[in-house]
Structures are given as structure tokens and as C-alpha cells.
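Working notes for the structure below.
Hydrogens, waters and symmetry mates play no part in the numbers below; they use all other heavy atoms, side chains included. This chain uses plain numbering: 1 for the first residue, then up along the sequence. Not measured: the values here are computed from a predicted model.
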Amino acid sequence: MTAPSVESIKSLRSPLAQTVEIHDTISSTQERAKTLARDGESPVPHGTLVLAGIQTGGRGRLGRQWGSPEGGLWMSIVLRMELEASHAPRITQAAAVGVAKALWEIGVEARIKWPNDLLVDGKKICGILAESSAGQKIPSSGGIPREPDPTILGIGLNANLNPEDLKVTAREVTTIRSELGHDIDPMEILRRILNNLDTELSRLEDFAAILQDWRALNCTLGERVRVQRSGESLEGRATDLTPEGALILETTKGVVEIFEGEIERIHQSQSS
Ligand code: BTN
């Protein structure tokens, strides 16, 4: 097993790891990457990777805590991509496809729960958090040229630890160790994640192709699900994605498109 070092990561020559910071312990790689990206004096460029052995204040979607003990892969990447503002949400699903493919390459058959959770047999193995800074426009001409606004892509992968180490009670979780029956070289999984992410992020303009792969890897479509939206709870059958990746839900009141939120699978005995 090779513990990742700045040198070994840089030697991967990934466009997503041109600048690398590694912390034994940090509050949150996401917060650190955000600070680095927004630092007024010298904001870091695209492809800045922040990695931590332990996070003491890891954050998940919807403001939840993210348990991050030793053995996981806790990382955030600063992305600065020339994208139409309306295309920024594509990063979420592209990242899920990239990380899922990396897991399949090592023999972990991860499926995507909309929009970007990765599960194995219904147990969460990886969470992905893509946070954009709301968009000041990039001047097309005149003014001082500057880099595109950052998106911070956070990935929390339960790797070389036991599910109980995560101390999660709200849902079932799993880890690479538990799925494969052995640990994985952190450098190997990191290399595969960076390669696959780079491939997916490089084809964001061909989003139909990414969604095609998302559909092949998902465990959401065809399921009955419940979603909280603007204070109301909606139930229906998840039938497909729109061309921009929103979830199409068939409810008794008609077809609804869900752009964000957390869905919950309804087991047959629970359906009303
Ligand atoms: C989710 O809720 O599923 C998303 C979890 C994202 C966790 C990762 S771990 C690395 C990075 N740092 C954080 O504080 N959060 C993200």
C-alpha cells in the first residue's frame, strides 16, 4: 500500500491534480478547497486537489455531517471550467459516472442513486458534493480577464475501513474493504478516480452520452420514490432523466421534474 504523497500524486500527471495539498487531519477538505479557490490574493487554479487522512468536520449534502475517520478517501478538487452557467449542474452527474466507473474497475459494483450517491446493494459507499460559487459573469472582452468561477467537487469514499467505523446510524453503509474482503492501494483508487473524472468532465458538452452511462449505472429509474420538495412530500415512480439530468417522477397528480433534493426508495409494503 502506498500512502499518497504530493510527489506521487503529481507524478500521475492528472489535469485534476496539478496542485496538491495533503493533510493528516483537517476539518473539511471542502472548506479548505473553497478557501483556496476564493482567496482574494492568489486563488488557486483548476485542478487543485486537497486530500485528508481524517476530517473532523466533514460535510455532506443538505448540511449533514460526514463521518471521516482514518482509512477513507476524503478529497475535494477545485474545478474552473468554461461552462454555460446552466450547464454547471452537469458536473454532479458526470462525477457520479466517473467515480462509479473507477469502482467497477476495481471490482466494486456501485450503482448511482439520483443524483449522485453511489451504493452497493442499497448501501452507501461514496458521497459526492459539487458546490458552485454563484456566478459573477466572466467578461467576454474588455475588463481584466480572469479564471472561471470555481466549482468545488468533494468526494467521500469509504475505502479501507469497516462500516461500523463510520458510526452512521441513519442508513446502511458499506466500504471497499467490506465489499472486496481486502484493502485497496489508495494510490490505485485515486489514480482511477482522477482518470475517469477527467474523461467525464472533458465531455460535459456531450451530456447525452454521460446520461446514457448514468442510466446504465443507476439504481433509481423504475423505482417508487419519495422526495421532499419545498416542504411537501411527493411520491411517484422515477421514470427517466430530462436532457439536463433532472429526475422525472410520475405521480398521481401528473409528471413532475425534480432538480435537487434527496430521494428515498419506497419499499412495496410502504406505498400508499
Ligand atoms: C453526501 O452527502 O453524500 C456528500 C458527501 C461528501 C463528503 C466529502 S468528503 C470530502 C469532502 N469534504 C467534505 O467535508 N465533504 C466532502
Side-chain angles (χ1 to χ4, degrees), residues 28 30-31 34 57-67 83-97 99-100 110-135 149 151-156 166-174 204 207-208 210-272:
S28 158
Q30 197 74 1
E31 293 312 312
K34 210 178 279 178
R59 284 194 302 108
R61 290 201 308 132
L62 309 172
R64 294 189 185 125
Q65 269 191 331
W66 183 263
L83 274 180
E84 271 181 44
S86 62
H87 290 175
R90 294 180 175 190
I91 291 175
T92 296
Q93 275 132 336
V97 169
V99 180
R111 302 239 157 237
I112 308 170
K113 177 184 161 221
W114 186 88
N116 61 358
D117 280 348
L118 298 184
L119 314 183
V120 180
D121 293 333
K123 298 178 214 163
K124 186 152 168 172
I125 194 163
C126 180
I128 296 174
L129 183 63
E131 297 180 303
S132 302
S133 76
D149 288 330
T151 295
I152 313 299
L153 179 64
I155 297 172
L166 292 158
K167 305 207 171 10
V168 176
T169 49
R171 64 174 109 84
E172 285 196 287
V173 292
T174 189
L204 278 187
F207 195 50
I210 293 176
L211 290 186
Q212 198 60 21
D213 288 354
W214 188 99
R215 286 185 184 92
L217 288 161
N218 95 92
C219 58
T220 299
L221 301 182
E223 296 290 336
R224 281 195 62 75
V225 300
R226 183 179 298 124
V227 61
Q228 305 295 333
R229 199 178 70 156
S230 317
E232 61 165 346
S233 174
L234 284 176
E235 285 185 19
R237 205 168 72 87
T239 54
D240 201 0
L241 300 179
T242 68
E244 279 307 320
L247 186 66
I248 302 177
L249 208 63
E250 264 178 23
T251 74
T252 49
K253 292 182 191 144
V255 173
V256 179
E257 291 182 8
I258 309 292
F259 296 91
E260 61 184 347
E262 177 93 346
I263 60 164
E264 182 194 349
R265 184 174 167 205
I266 306 174
H267 296 282
Q268 219 57 34
S269 55
Q270 290 177 277
S271 56
S272 47

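For Trp214 (side chain) and Trp114 (main-chain N/O), no donor-acceptor pair under 3.5 Å exists by modelled atom type. Without hydrogens or angle criteria, Arg90 side chain to Leu204 main chain gives a donor-acceptor distance under 3.5 Å. A donor-acceptor pair under 3.5 Å links the side-chain atoms of Gln30 to the main chain of Ile152, judged by distance alone. A donor-acceptor distance shorter than 3.5 angstrom exists from the side chain of Lys113 to the backbone of Ile263, with no hydrogens or angles considered.
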Subject >> From CA spacing to verdict: side-chain contact (heavy atoms from CB on, under 4.5 Å), Glu244, His87 >> reply: CA-CA 8 Å; Glu244 279 307 320; His87 290 175; 4.0 Å; yes

Subject >> Val225/Leu234 under side-chain contact (heavy atoms from CB on, under 4.5 Å): CA gap, chis, key distance, verdict >> reply: CA-CA 8 Å; Val225 300; Leu234 284 176; over 6 Å; no

Original post:
Between Arg224 and Glu235, is a side-chain contact (heavy atoms from CB on, under 4.5 Å) present by the stated rule, with each step listed?
Top reply: CA-CA 7 Å; Arg224 281 195 62 75; Glu235 285 185 19; 3.8 Å; yes

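Side-chain contact between Leu83 and Ile91 is present, with at least one heavy-atom pair separated by less than 4.5 Å.
By the 6.0 Å contact criterion, CD on Glu260 is open, its count of non-hydrogen atoms from other residues, nucleotides or ligands being 12 or less. In this structure, Asp240 places its CG atom where more than 12 heavy-atom neighbours from other residues, nucleotides or ligands lie under 6.0 Å away.
Heavy atoms only, all atoms of each residue included: Ala130 and Leu153 are closest at CB-CD1, 4.1 Å.
For the pairing with Cys126, the side chain to side chain contact (heavy atoms under 4.5 Å, CB included) check across Ile155, Val120, Asp117, Val173 returns one residue only, Ile155.
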